[in-house]
Asks: 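Let me begin by handing over the structure; questions about it come next.
For the numbers below, each heavy atom of this structure counts, side chains included, while hydrogens, waters and symmetry mates do not. Just so you know, ligand 1 is whichever comes first in the structure, and atom 1 is the first atom listed for that ligand. Computed from a predicted model, the values in this text were never measured in an experiment. Sequential numbering from 1 along the given sequence is applied to the chain's residues.
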Amino acid sequence: MLVESIVRKTLGLKRHCVERVRDEKGKLAVYLSLDKRCKLICSGCHERASGYDRLSVRRWKHVPLWGIPVELVYAPRRVECRECGVKVEEILWAHGKSPLSIFLSVVLATWAKLVAWQVVGRVFGFHWNTVRKAVRDLVEYGLKHRDLTGVACIGIDEISRRKGHVYHTQVYDLTTPRLLWSGEDRKSETLEKFFKELGKRIRDTVDAVCCDMWAPYIEVIKKRFPNALLVFDKFHIVRHLMEAVDTVRKEEARKLKDKGIELLKDTKYIWLKNPWNLTDNQRVRFSELEKVNLKTHRAYLLKEAFRKFWDYISPAWAHKYLCHRFWWATHSRLEPMRDFVWMIREHQEEILNYFHMRITNATVEGLNNKAKVISHRAYGYRTAETFKLALYHGLGNLPEPQLAHRFL
Ligand SMILES: [Zn+2]
C-alpha cells in the first residue's frame, strides 16, 4: 500500500518494518514491528546484542500527512548487551523518552526558530507544549553532540527576561560565535554553575575571557580560568563612560531648569552620539551649546578624548594615556567623570589586557539582540527553563540529527 511505503521510505527504516496502517478515529496509526532477519542494536553502545524481552507498546506523535495526524506504534525490545547490560534497543525514530518522533521534533523545532511557538502549534495542529517538547528534544540532542574542542575565547554577558526583573548570565564562544551556556541570575554562584557543567571541558583551551567589570564574575573567572587572559569589554567601558556623561547632563539640566533655563532640554543624544552621526539640526544646536561654558560639554570632551585610547598599539603608551586622563578627570570637578576614571584605575590591568589581545564582546552584542527578539516572541517563556531552551535553540548553533531532514 502506498501510505506504508511512504512511511517506510521517509522513516528510513532498517531493522523495522511497517506492519499495517490503520485509520483510528481520523488518525493514521502506523504499526511497526521488528524485521525478523535483523539483529537488535544496543542503544547504549550501538553494537549488536541479543534480545532480552519486550516492553509494552509505545506511541510516538509523527509528522502529519496532508494534515492528517500520524502516530507510530511499536513495542520496543530490550537487549542484553555485553557492555551495557540490559538496555532498550536502538530505535531510529525515537529520542529518549520523548513522545515525539525525532522527525516531528526536527520539523516543529525548525519552524519554531522562525515564528512564535504558538503559531507553529496552530499550523501543525499541536498544543504549544508539544512544540516546546520538540525544541527540548532537539536542544538535548544538540548539547549532547556539540563539539567543544578548541573553544579559545569566551565572552560573558547578561540579558534580562521579563523586562529587566530577572537576569540570565550568558556565556558565548566568541570565535564561532554561539551560545555555550545560559543560566538564571548573575551571581558568582551562577558562573560557578557554568564552570561545573562545562568548565572542565574547555578550561585548557580557553586563553581569553571577555566580560564587564562585574565583581561576582571577575572573582570566579580568576579562580577557574587562572591561565586565561581576562579582558574587560571595550563596549561595556564605553557604556559606563556614556552613562557618566549623561549623569552630568541630567544634573546640570536640573540645576539650569531650576533657574528657568532650558538650555539642555532634549540634548541627550547630542552628547552621546558620535559627532559624525549628528543630524543637521543636532549639529547646529551643538555649535551653539559649545560656546557656553557647560559642565556637560567638559564631560563630553573627556568622552571624545577617550576614543583615542582604543587606537593605541602599545600597552605602555595606552597606560601613559590613561594616567594623563586620570589626572584630567580627577581635576575636572565632575563627579561622575571622576567616578568613571577611578573605576578604570581599579581595573586597569584587565583593561590594558585589551592591548595584548584585542577581543571585545562585539559579537555578543549581535547575539544578545537576537536573544531579545527571542524573548519578545515570549509566549510562555515564563519559566527560566523554557527561556533557556529558546536561547540554546536560537543561538547555540547546535548540531541536528541529519536523518530527519528529508521532511524539511
Ligand atoms: Zn551496549
Asks: Using modelled atom types only, decide if a donor and an acceptor are shared between the side chain of Y141 and the backbone of H95 within a distance under 3.5 Å.
Replies: no

Asks: What pairs of residues pass the salt bridge (charged side-chain N to carboxylate O under 4.0 Å, His left out) test when at least one of them lies in residues 294-304, not counting sequence neighbours?
Replies: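 Every pair satisfying salt bridge (charged side-chain N to carboxylate O under 4.0 Å, His left out) with a residue in residues 294-304: E304-R307.
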
Asks: Quick check, are the ring centers of Y300 and W271 under 6.0 angstrom apart?
Replies: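 Aromatic pair counts; centres sit under 6.0 Å.
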
Asks: Within less than 2.8 Å, report the number of protein N/O/S atoms around the Zn ion (ligand 1).
Replies: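 Under the 2.8 Å cut-off, the count stands at 4.
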
Asks: Listing request: all side chain to side chain donor-acceptor pair (under 3.5 Å) pairs with a residue in residues 327-343, at least two apart in sequence or in separate chains.
Replies: none

Asks: Quick test of your reading: applying salt bridge (charged side-chain N to carboxylate O under 4.0 Å, His left out), list the pairs with at least one residue in residues 346-362, sequence neighbours left out, ordered by first then second residue.
Replies: K222-E350

Asks: Could you tell me whether the side chains of E71 and H62 share a donor-acceptor contact shorter than 3.5 Å?
Replies: no

